Novice: 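Sharing a structure, written as structure tokens. Questions coming.
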Amino acid sequence: MSKNCFPKWLDSAVFYEIYPQSFRDTNADGIGDLNGITEKLDYIKELGCNAIWINPCFDSPFGDAGYDVADYCKIAPRYGTNEDMKRLFIEAHKRGMHVLLDLVPGHTSWEHPWFKESMKAEKNPFTDRYIWTDSIWKEPAGYGSLRGISDRDGSCAVNFFSHQPALNYGYYAPDPNEPWQQSIDSEGPQGTIAAMTDVMRFWLKMGCDGFRVDMAGSLVKGDVDCKGTIKVWHQIRRFLDGEFPEAAMISEWGEPDKSIEGGFHMDFLLHFGPSRYNDLFRCEKPFFGGEGDVSEFVAKYMDNYEKSAGRGLICIPSGNHDMDRLARSVKGQKLKLAFAFLLTMPGAPFIYYGDEIGMRYVEGLTSVEGGYGRTGSRSPMQWDDSVNCGFGTSAPDKLYIPQDSSPDRPTVKAQLADETSLLSEVKRLTALRSAHSALQSRGGIEFVCAEKNSYPLAYVRSDDSERLLAAVNPSDKAVTFRSGFEDARLIYSIGSSQFSEGTLTLGAESFAVYEVQYG
Ligand code: NOJ
Ligand code: CA
């Protein structure tokens with residue numbers, strides 16, 4: 001068990017994920033930028049989010065939207081400068097907000113200078129920075145590889161796309177017959193870890209508050225149970241505890257028990273992996289679509305919760321840049337219920353930019369920057385009814401991804417003016433969360449109704465000061481359940497609800513939070 005420091009601010013954090021190229025373009029080149037994010041900090045704060053995660057914004061050829069880094073310590077010129085980033089940290093901190101950058105420790109772009117050196121036949125300080133076999137005719141079993149691209153006689157493992165060579169953190173159990181497989185403790189992997197801690201130090205010193213870590217569970221190769229990768233994260237944790245104990249570390253891993261064991265503070269539930277997250281919003285019959293089943297999600301959630309309680313947190317995102325937009329499968333009032341759930345669960349919630357207004361998946365787009373099917377979830381933010389929906393003033397055909405062209409596309413401006421909009425509901429929900437410590441990251445949770453193929457879903461959130469019963473019914477029929485409480489006081493509702501003699505009745509498409517007494 002790791003004894004890592006826990007940044008206090010995570011207790012009440014609500015995150016907003018910003019895909020920088022699509023948020024706000026201040027210099028009319030058709031692409032979002034850092035000054036655009038700084039300009040919109042007040043909007044994010046008013047939404048009730050006090051922390052942001054910015055997808056990779058470093059120098060890159062953008063073959064995978066910036067997850068193919070060419071210089072870890074330089075802001076991509078299209079987004080601005082390192083000085084702009086510094087100003088963004090300062091402006092966020094002035095508003096009591098925190099900023100996470102995206103750390104991509106597992107691979108670089110094949111244009112990274114480290115890789116260019118590593119490709120050379122002559123031995124040099126970067127020869128072992130990546131995972132190379134010792135012959136062009138031998139591939140690293142179980143991984144994709146690059147071959148025949150330079151004079152070096154070997155194949156190089158790749159992590160994701162073919163242009164993303166895998167950095168060398170070693171093999172969990174190197175095969176003695178394959179001397180190119182190195183142990184975690186050998187010079188090559190230790191050099192990679194040192195280089196990555198230098199990157200973290202660079203941004204943390206500048207004012208960054210921590211990292212969302214890309215593919216955090218896949219550093220060490222041949223590591224089925226992730227024991228080697230956990231060992232690497234322990235080493236990085238020791239560095240952080242020594243130099244930056246307040247830095248928040250959140251993993252893209254999808255297995256909280258492993259991630260938290262490695263010293264992360266939070267782990268995402270994701271559209272891949274064993275968490276059953278897709279049952280909520282993204283499967284053939286999602287629970288929040290009104291005809292699904294939540295019981296397996298709840299069983300898995302509690303399993304993860306019990307394994308991680310007291311040590312780290314589980315965070316549930318509304319979506320992200322890799323998933324279909326939430327509004328593709330959850331519609332109308334049901335979107336409000338999805339947010340009601342997300343914003344009353346433990347761990348810090350994450351709102352993907354635009355989900356708060358129900359931005360749609362833009363169908364039929366050609367892939368942009370390695371997005372493929374993900375491109376439709378990455379279209380430029382819809383702020384208002386001016387040119388390009390207020391994203392920026394470039395010619396509309398200069399937008400690097402086209403926007404939703406439907407006449408009824410949602411915008412921030414229209415929804416701010418409408419008390420009944422999704423955005424207004426999300427603002428009320430973040431205010432509710434902020435007013436009740438039991439609803440925040442560390443408040444306890446107990447599910448009191450989560451039956452197979454049945455509605456509602458109900459859970460009790462509690463801490464030393466209060467106990468709250470939340471119940472959500474995304475189905476199209478009214479439902480009742482025996483709460484087990486004698487008395488309850490309504491503090492929040494969407495749709496209709498009634499509590500009488502211990503029985504809670506929720507109307508179709510409804511949500512309620514009640515204050516209940518300790519029994
Ligand atoms: C996960 C990121 O979220 C995704 O966008 C990216 O393509 C892969 N990791 C590779 O870095
Ligand atoms: Ca721009």
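The figures that follow rest on heavy atoms only: side chains count, while hydrogens, waters and symmetry mates do not. Whatever order the structure lists ligands and atoms in, that order sets their numbers, starting from 1. No experiment lies behind these values; they were computed from the predicted model shown.
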Novice: Who passes side-chain contact (heavy atoms from CB on, under 4.5 Å) against Ser329, sequence neighbours left out?
Specialist: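 Testing Ser329 for side-chain contact (heavy atoms from CB on, under 4.5 Å), a comparison that skips the adjacent residues, returns Arg282, Pro286.
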Novice: Ignoring hydrogens and geometry beyond distance, is a side-chain donor-acceptor pair present between Thr229 and Asp223 at under 3.5 Å?
Specialist: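 Side-chain D/A pair, Thr229 to Asp223: present.
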Novice: Which residue pairs pass the salt bridge (Lys or Arg N to Asp or Glu O under 4.0 Å) test when at least one of the two sits in residues 383-392, sequence neighbours left out?
Specialist: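 Those involving residues 383-392 are Asp385-Lys413.
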Novice: For Gly217 and Cys226, work out which heavy atoms get closest and say how close.
Specialist: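 Between these two residues, the closest heavy atoms are O-SG, 3.8 Å.
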Novice: Just to verify, which of Tyr352, Phe350, Tyr353 counts as forming a ring pair (Phe, Tyr, Trp, His ring centres under 6.0 Å) with Phe15?
Specialist: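 Of the listed residues Tyr352, Phe350, Tyr353, the ring pair (Phe, Tyr, Trp, His ring centres under 6.0 Å) partner of Phe15 is Phe350.
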Novice: For the aromatic rings, using the six-membered ring if either is Trp, is the centroid distance between His112 and Phe126 under 6.0 Å?
Specialist: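 They do not qualify: ring centres at least 6.0 Å apart.
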Novice: Test ring pair (Phe, Tyr, Trp, His ring centres under 6.0 Å) on Trp203 and Phe211; report intermediate values, then the result.
Specialist: CA-CA 10 Å; Trp203 293 110; Phe211 299 96; 8.6 Å; no
Novice: Please determine whether salt bridge (Lys or Arg N to Asp or Glu O under 4.0 Å) holds for the pair Lys300 and Glu296, giving the CA-CA distance in whole Å, both sets of side-chain angles, and the decisive distance to 0.1 Å.
Specialist: CA-CA 6 Å; Lys300 191 68 202 168; Glu296 291 188 46; over 6 Å; no
Novice: Please confirm whether the ring centroid of Phe58 lies under 6.0 Å from the ring centroid of Tyr72.
Specialist: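 For Phe58 and Tyr72, the ring centres are not under 6.0 Å apart.
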Novice: Counting only protein N/O/S, how many atoms fall short of 3.0 Å from the Ca ion (ligand 2)?
Specialist: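 For the Ca ion (ligand 2), protein nitrogen, oxygen or sulfur atoms under 3.0 Å: 5.
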Novice: What residues come within 4.0 Å of ligand 1, counting heavy atoms only?
Specialist: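 Ligand 1 pocket, heavy atoms under 4.0 Å: Asp64, Tyr67, His107, Phe160, Arg212, Asp214, Met215, Glu252, His321, Asp322, Arg374, Arg378.
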